[in-house]
Chemist: 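Here you go, one structure.
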Amino acid sequence: MRRIRAAVADAPGAPFTVRDLDLGAPRPDEVLVRMTAAGVCHTDLGMRDTWPERLTPMVFGHEGAGRVEAVGTQVRGVAPGDRVCLTFASCGACEQCATGHPAYCLHARTLNFSGGRADGTTPLARDGCPVHGGFFGQSSFATYAVVRERGVVPVPADLPDEVAAPLGCSGQTGAGTVLNRLRPEPGASLVVTGAGGVGLSAVMAAVAVGCDAVVAVDPVAARRALAVELGAKAALPPGDGLVETLRDLTGGGAHHVVETTGRPEVARQAVAALRPRGELALVGLGGEVTFDVMPLLAKGVRVHGVIEGDSRPSRFLPDLIGLWRRGLFPLETLVTTFPFEDIGAAVDAMEEGGVVKPVLVFD
């Protein structure tokens, strides 16, 4: 057992409290990673607040980066000392994994959201009592994490830790939705609703492949300004007249809309802002969304549900790093760092809207 520090939620909706825990050794197909950075995502907060009480206490965190400390006997892809980005868990054997779509792994719920390993165990404990973990296969709100080999992607030495961390979820979700699923032609118009970490990653990807116009929608003025700085033609606040303005800016309606807020009313506005045969990608976690079927039929709208950017991380994350090196995916512009022990301040800053992507850094 190894003594670690981890941010624990003791009950659904409880604040994160940094505590001493014990972490078991990696199994044959697992990797022990010493964390150097971990992004904080709205998904961590939303899932914490609705997490089943029977699966608490729980360690969340799913945008980790670090260095490999030890590997199991069956691990071949990484070795101690390697720098890695952590990402979601997948089985690697089901139909979806075998065809290059591990975000839709048939065992995703068990591997990512069961509070432990597939066999029901957890490597975490406190005073001899199990602590749930394995969130997105990692639980990276901790100084160390045990991760299956498929959940680690090697990253180069020149990539800063605070940039590597959000690649594993928000970076690949936003960019992958554009590059893997929508695949817009150069000159196509693309609207992004919600200019958080996912939305601004979508903006950067759209700009990188030559979309015109790229338009962001967000209530926070600083985020709108950042979207324009990143290449958006315009950034608008929500409100009356939004759909008409979007249609004007996109020459009669957008070819594509990436909806990241998870708000039903925003999704309906997104459909209204599309041109005939336009495409809507729903990315944000939210409640039930209802649509009037007639506009969908009349306009021939295609609706995509997208998880993790429909990404194959081992191939897609190196592509994003390549864009970063060329200055086309400046993810660092979204990041504000906080010491790990100040996770509460990082959460507050994100919820108040003053920070786009808080990243916890470890000593």
Side-chain angles (χ1 to χ4, degrees), residues 1-2 4 6-9 12 21-35 38 41 43-44 46-48 50-64 66 68-78 84-126 128-142 144-154 168-169 172-173 285 307-314 317:
M1 300 293 284
R2 176 186 297 266
I4 70 169
V8 181
L21 299 182
D22 292 315
L23 179 68
R27 290 181 172 180
D29 64 342
E30 293 178 337
V31 179
L32 174 66
V33 179
R34 178 173 61 83
M35 306 307 304
C41 178
T43 300
D44 293 304
M47 295 293 281
R48 176 198 64 180
T50 59
W51 197 250
E53 188 168 5
R54 62 182 175 81
L55 297 180
T56 58
M58 176 72 185
V59 178
F60 292 90
H62 67 288
E63 290 186 341
V68 175
E69 192 87 355
V71 299
T73 56
Q74 297 174 5
V75 172
R76 297 292 181 267
V78 293
V84 293
C85 171
L86 307 188
T87 189
F88 62 89
S90 58
C91 75
C94 72
E95 175 189 6
Q96 295 302 316
C97 289
T99 55
H101 302 280
Y104 304 98
C105 174
L106 299 182
H107 304 285
R109 176 167 289 277
T110 298
L111 295 173
N112 293 281
F113 309 117
S114 66
R117 298 182 174 104
D119 63 3
T121 63
T122 172
L124 296 166
R126 183 172 69 206
C129 297
V131 173
H132 293 281
F135 188 59
F136 278 80
Q138 56 185 274
S139 287
S140 53
F141 288 167
Y144 287 83
V146 167
V147 189
R148 295 180 70 210
E149 183 179 7
R150 283 182 59 82
V152 299
V153 178
C169 182
Q172 76 174 347
T173 296
L285 298 178
I307 297 174
E308 294 287 353
D310 198 358
S311 166
R312 188 173 180 176
S314 62
L317 295 190

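Predicted, not measured: the structure shown is a model, and the values here were computed from it.
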Chemist: Quick one: does any side-chain atom of Thr110 pair with a main-chain N or O of Ala118 as donor and acceptor, under 3.5 Å?
Modeler: no
Chemist: Roughly how far apart are Phe136 CZ and Thr43 OG1, rounded to 0.5 Å?
Modeler: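 Taking CZ in Phe136 and OG1 in Thr43, the distance rounds to 5.5 Å.
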Chemist: Evaluate the side-chain proximity of Gln74 to Asp29: yes if any heavy-atom separation is below 4.5 Å, no if none is.
Modeler: yes
Chemist: List the atom of Val75, the atom of Glu30, and the distance in Å for their closest heavy-atom pair.
Modeler: CG2-O, 3.5 Å
Chemist: Examine distances only and state if a side-chain atom of Tyr104 and a backbone atom of Asp310 form a donor-acceptor pair shorter than 3.5 Å.
Modeler: no
Chemist: Can a donor-acceptor pair be found, under 3.5 Å and without considering hydrogens, that links the side chain of Arg109 to the backbone of Leu106?
Modeler: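 Not confirmed, Arg109 side chain does not pair with Leu106 backbone.
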Chemist: Could you tell me which non-hydrogen atom of Gln172 sits nearest to which non-hydrogen atom of Glu308, and how far apart they are?
Modeler: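 Distance-wise, the nearest heavy atoms are NE2-OE1, 3.1 Å.
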Chemist: Can you find a heavy atom in the side chain of Val31 that is under 4.5 Å from one in the side chain of Pro26?
Modeler: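 Of all side-chain heavy-atom pairs linking Pro26 with Val31, none is under 4.5 Å.
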Chemist: Hey, could you give me the SG/CZ distance between Cys91 and Arg148, rounded to the nearest 0.5 Å?
Modeler: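 Taking SG in Cys91 and CZ in Arg148, the distance rounds to 7.5 Å.
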Chemist: Within the 4.5 Å heavy-atom criterion, are Met35 and Ile4 side-chain neighbours or not?
Modeler: no
Chemist: Start with the C-alpha gap between Phe135 and Phe60, add the side-chain angles, then the distance that decides, and say whether ring pair (Phe, Tyr, Trp, His ring centres under 6.0 Å) holds.
Modeler: CA-CA 6 Å; Phe135 188 59; Phe60 292 90; 4.9 Å; yes
Chemist: What is the distance from atom CG of Leu86 to atom SG of Cys169, rounded to the nearest 0.5 Å?
Modeler: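 That separation rounds to 12.0 Å.
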Chemist: Please give me the minimum heavy-atom distance between Val59 and Ala6, naming the atom from each residue.
Modeler: CG2-CB, 4.1 Å
Chemist: Please name the pair of heavy atoms, one in Met58 and one in Ser139, separated by the smallest distance, quoted to 0.1 Å.
Modeler: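 Of all heavy-atom pairs spanning Met58 and Ser139, the closest is CE-OG, 4.4 Å.
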Chemist: CZ of Arg27 to OG1 of Thr121: how many Å apart, nearest 0.5 Å?
Modeler: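 Output value for this atom pair is 3.5 Å.
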Chemist: Going by heavy atoms in the side chains, are Val152 and Val68 under 4.5 Å from each other?
Modeler: no
Chemist: Is the shortest heavy-atom distance from the side chain of Leu111 to the side chain of Arg150 under 4.5 Å?
Modeler: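 SC-SC contact between Leu111 and Arg150 ruled out.
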Chemist: Mind listing the closest non-hydrogen atom pair of Leu124 and His132 along with its distance?
Modeler: CD1-O, 3.9 Å
Chemist: Under 4.5 Å between any side-chain heavy atoms of Arg126 and Val8, yes or no?
Modeler: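 Side chain of Arg126 against side chain of Val8, heavy atoms only: contact under 4.5 Å found.
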Chemist: Verify, without hydrogens or angle tests, whether Thr122 (side chain) and Val131 (backbone) share a donor-acceptor contact under 3.5 angstrom.
Modeler: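 Between the backbone of Val131 and the side chain of Thr122 there is a qualifying donor-acceptor contact (under 3.5 Å).
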Chemist: His107: what forms a side chain to side chain donor-acceptor pair (under 3.5 Å) with it, not counting sequence neighbours?
Modeler: none
Chemist: Would Arg2 and Leu32 count as a side chain to side chain contact (heavy atoms under 4.5 Å, CB included) here? Give the steps.
Modeler: CA-CA 11 Å; Arg2 176 186 297 266; Leu32 174 66; 3.6 Å; yes
Chemist: Could you tell me which residues satisfy side chain to side chain contact (heavy atoms under 4.5 Å, CB included) with Arg312, sequence neighbours excluded, listed by chain and number?
Modeler: Pro102, Ser314, Arg315
Chemist: Identify the heavy atoms of His62 and Cys41 that sit nearest to each other, and give their distance.
Modeler: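 Closest approach of His62 to Cys41: CE1-CB, 3.4 Å.
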Chemist: Rounded to the nearest 0.5 Å, how far does NE2 of His101 lie from SG of Cys94?
Modeler: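 Between Cys94 SG and His101 NE2, I get 11.0 Å after rounding to 0.5 Å.
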Chemist: Hey, does the side chain of Gln138 reach the backbone of Ala145 with a donor-acceptor pair shorter than 3.5 angstrom?
Modeler: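 Absent.
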Chemist: Are side-chain heavy atoms of Asp44 and Glu63 found at a separation under 4.5 Å?
Modeler: no
